[in-house]
Chemist: 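Once you've had a glance at the structure underneath, I'll fire off some questions.
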Amino acid sequence: MSEELVCWKCGAGLRDEPLPLGRRSECLACRAELHVCRLCRHFAPGKAKQCREPMAEEVKDKVRANFCEWFQPRLDAYQPVAAAKPQGRSALEGLFGDALEESPDTGPGTELDKLFGK
């Protein structure tokens with residue numbers, strides 16, 4: 001399997017895109033801009049300015065086209081989104097189990113009533 005340059009946003013192959021990528025280059029599949037930090041080999045979320053190149057000027061929006069002269073596309077820029085995480089009440093129930101279930105005998109109001117003799 002040969003590695004090829006793919007879109008950072010959708011993973012579509014960019015073999016028909018002329019190199020070097022121009023500032024206005026877009027993915028034909030999803031129309032994402034391609035001359036962006038997220039597609040650059042210097043992109044590093046854990047680093048200062050999220051960039052490994054110390055001489056590069058800071059780019060605030062990492063997914064918008066920019067004029068960075070240090071831009072070099074990387075092959076592994078596409079990172080598929082992991083399965084959706086449970087949200088809301090189901091996430092809390094996953095953490096706390098039945099503790100979230102309110103019974104008529106418990107809850108903050110019942111404890112206050114006991115405390116103040118109601």
Side-chain angles (χ1 to χ4, degrees):
M1 180 172 122
S2 65
E3 297 215 7
E4 68 172 300
L5 187 61
V6 297
C7 174
W8 65 270
K9 188 173 184 179
C10 72
L14 300 174
R15 82 178 126 258
D16 296 332
E17 191 67 38
L19 296 175
L21 293 173
R23 183 192 166 326
R24 296 188 179 270
S25 296
E26 290 184 349
C27 172
L28 296 175
C30 72
R31 309 304 293 170
E33 295 170 319
L34 296 175
H35 196 285
V36 300
C37 294
R38 292 285 307 269
L39 186 61
C40 182
R41 77 176 192 92
H42 298 294
F43 180 67
K47 292 279 193 182
K49 301 184 290 182
Q50 296 184 330
C51 185
R52 286 187 196 97
E53 176 50 59
M55 300 298 290
E57 291 185 33
E58 183 173 9
V59 175
K60 297 285 185 187
D61 192 343
K62 308 298 185 200
V63 298
R64 296 294 312 256
N66 60 62
F67 291 101
C68 182
E69 295 178 16
W70 299 97
F71 175 79
Q72 295 176 1
R74 65 185 169 115
L75 299 176
D76 63 343
Y78 176 67
Q79 301 296 319
V81 177
K85 295 179 181 177
Q87 296 183 1
R89 184 160 186 93
S90 61
L92 290 173
E93 287 173 351
L95 289 173
F96 299 106
D98 294 334
L100 291 177
E101 299 289 326
E102 285 190 34
S103 68
D105 298 338
T106 63
T110 305
E111 293 302 315
L112 287 172
D113 290 344
K114 288 180 189 175
L115 182 63
F116 292 106
K118 289 188 176 181

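Everything quoted here is computed from the prediction, not taken from an experiment. We count residues from 1, following the sequence as given.
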Chemist: If I compare all heavy atoms of E17 with all of S25, which pair ends up nearest, and what's the gap?
Modeler: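 The answer is OE2-OG, 3.4 Å.
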
Chemist: Would you compute the distance between atom CD of E26 and atom NZ of K9 and round it to the nearest 0.5 angstrom?
Modeler: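 Here the interatomic distance stands at 10.5 Å.
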
Chemist: Taking CZ in R23 as the centre, count heavy atoms belonging to other residues, nucleotides or ligands within less than 6.0 Å. Is the count above 12?
Modeler: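 Check passes, neighbour count above 12.
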
Chemist: Once you round to the nearest 0.5 Å, how far does SG of C37 lie from NZ of K60?
Modeler: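 Atom-to-atom, C37:SG and K60:NZ are 11.5 Å apart.
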
Chemist: Are W70 and V59 co-members of a hydrophobic cluster defined by side-chain heavy atoms under 4.5 Å apart?
Modeler: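 V59 and W70: separate clusters.
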
Chemist: Does L14 share a hydrophobic cluster with V36, counting links as ILVMFWY side-chain heavy atoms below 4.5 Å and allowing steps through other members?
Modeler: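 Yes: a chain of side-chain contacts under 4.5 Å links L14 to V36.
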
Chemist: Might you point out which heavy atoms bring P73 and L5 nearest each other, and give the distance in Å?
Modeler: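 Smallest interatomic distance, heavy atoms only, reads CB-CD1, 3.7 Å.
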
Chemist: With rounding to the nearest 0.5 angstrom, report the CE to SG distance, M55 to C51.
Modeler: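 If we round to the nearest 0.5 Å, M55:CE and C51:SG are 11.5 Å apart.
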
Chemist: Same cluster or not: are L28 and L19 linked, directly or through other Ile, Leu, Val, Met, Phe, Trp or Tyr residues, by side-chain heavy atoms under 4.5 angstrom apart?
Modeler: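 No, because L28 and L19 fall into different hydrophobic clusters, even though each may have its own neighbours under 4.5 Å.
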
Chemist: Decide if atom CD of E58 counts as having more than 12 heavy atoms of other residues, nucleotides or ligands within a radius under 6.0 Å.
Modeler: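 Yes - once you tally the heavy atoms of other residues, nucleotides and ligands closer than 6.0 Å, there are more than 12.
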
Chemist: Nearest 0.5 Å please: distance from the CD atom of E57 over to the CG atom of N66.
Modeler: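 So the gap between those two atoms works out to 10.5 Å.
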
Chemist: Which heavy atom of F67 sits nearest to which heavy atom of H35, and what is that distance?
Modeler: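 Result for this residue pair: C-CE1, 4.5 Å.
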
Chemist: Enter the distance from C40:SG to W8:CH2 here, rounded to the nearest 0.5 Å.
Modeler: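 Reported to 0.5 Å precision, the distance equals 13.5 Å.
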
Chemist: Quick check on the hydrophobic clustering: are V63 and L34 connected, directly or via other members, by side-chain heavy-atom contacts under 4.5 Å?
Modeler: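 Yes, because V63 and L34 connect within a single hydrophobic cluster, where side-chain heavy atoms sit under 4.5 Å apart.
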
Chemist: For Q79 and D76, work out which heavy atoms get closest and say how close.
Modeler: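 For Q79 versus D76, the nearest heavy atoms are NE2-O, 2.8 Å.
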
Chemist: Grab the two heavy atoms, one from A77 and one from L39, that are nearest each other, plus how far apart they are.
Modeler: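 So the minimum-distance heavy-atom pair works out to CB-CD1, 3.5 Å.
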
Chemist: Which value, rounded to the nearest 0.5 Å, describes the distance between R52 atom CZ and K47 atom NZ?
Modeler: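 Interatomic distance, R52 CZ to K47 NZ, rounded to 0.5 Å: 7.5 Å.
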
